[in-house]
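Below, chains carry the letters A, B, ... as their sequence lines are ordered, and counting in each starts from 1. The structure presented is a predicted model; accordingly, all values stated were derived computationally and were not measured.
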Amino acid sequence: MAVAGDETESASTGEMSGYQICTPTSSLPQGVVMAGSPGSLHSPPHVADETTRKRQLRLMKNREAARECRRKKKEYVKCLENRVAVLENQNRTLIEELKALKDIYCHKVE
DNA sequence: CGTCCAAGGCGTCAACGCGA
DNA sequence: TCGCGTTGACGCCTTGGACG
């Protein structure tokens with residue numbers, strides 16, 4: 001597995017709608033290009049070239065957009081997991097506190 | 001070892017929403 | 001209406017672990 005590990009500990013209360021970003025990370029790997037564009041058939045060569053070029057450009061942009069989208073999604077999930085952990089801790093603490101208060105109250109009544 | 005399987009990443013397509 | 005960015009869905013590939 002070769003996963004670019006980006007650690008983001010954003011204290012967890014980060015509410016993210018539409019995948020908000022906590023830590024900016026940017027990397028632009030190599031560009032893989034596929035050939036073939038349907039629109040280039042039966043067209044003058046220069047038009048076909050232009051069509052192909054536009055397609056390549058679109059594919060390249062979308063490739064990087066997809067990467068970025070996945071990165072944001074992962075980060076979003078990580079934030080949510082952090083939040084869950086914090087809330088669970090909070091919940092445990094509150095339960096303990098409640099128990100302690102109940103104890104105190106019971107001893108007073110007796 | 002070799003095989004199988006699950007998990008994760010990637011590229012592409014299609015659909016959608018938004019601003020010009 | 002058009003062009004563009006975003007994202008879900010799909011299929012493919014790679015990798016690591018379990019098992020015989």
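- Distances shorter than 4.0 Å separate some side-chain N or O of R63(A) from OP1 or OP2 on dT12(B).
- For K74(A), the listed nucleotide lying nearest its side chain is dG9(B); candidates were dG9(B), dG5(C), dG11(B).
- The distance between atom NZ of K78(A) and atom P of dG8(B), rounded to the nearest whole Å, is 13 Å.
- If you take CE of M60(A) and P of dC4(C), they are 13 Å apart, rounded to a whole angstrom.
- In this structure, CD of E64(A) is placed 15 Å from C1' of dC4(C), rounded to the nearest angstrom.
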Are any protein N/O atoms closer than 3.5 Å to N/O atoms in nucleotides 13-20 of chain B? If there are, list each pair with its distance.
unit_1, atom_1, unit_2, atom_2, d
dC13(B), OP1, R55(A), NH2, 3.2
dC13(B), N4, N62(A), OD1, 3.0

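- Separating the CG atom of L57(A) from the P atom of dC4(C) is a distance of 9 Å, rounded to the nearest angstrom.
- Sorted by first and then second residue, the side-chain hydrogen bond (donor to acceptor under 3.5 Å, both in side chains) pairs involving residues 86-98 of chain A (not counting sequence neighbours) are N89(A)-R92(A).
- The distance from atom CZ of R58(A) to atom CD of Q56(A), rounded to the nearest 0.5 Å, is 10.0 Å.
- Whole-Å rounding puts the R71(A) CZ to dT7(C) C1' distance at 15 Å.
- Here the CZ atom belonging to R67(A) is positioned 11.0 Å from the CG atom belonging to N62(A), to the nearest 0.5 angstrom.
- The side-chain contact (heavy atoms from CB on, under 4.5 Å) check on E50(A) picks up R53(A), K54(A), with sequence neighbours excluded.
- Using a 4.0 Å cut-off between charged side-chain N and carboxylate O, E68(A) and R71(A) make a salt bridge.
- For dT6(C), neither phosphate oxygen OP1 nor OP2 lies less than 4.0 angstrom from any side-chain nitrogen or oxygen of K61(A).
- Within 3.5 Å, no donor on the side chain of R70(A) pairs with an acceptor on the base of dG8(C), nor the reverse.
- Counting to the nearest Å, the P atom of dC10(B) and the NZ atom of K73(A) are 14 Å from each other.
- Between I95(A) atom CD1 and L98(A) atom CG the span is 8.0 Å, to the nearest 0.5 Å.
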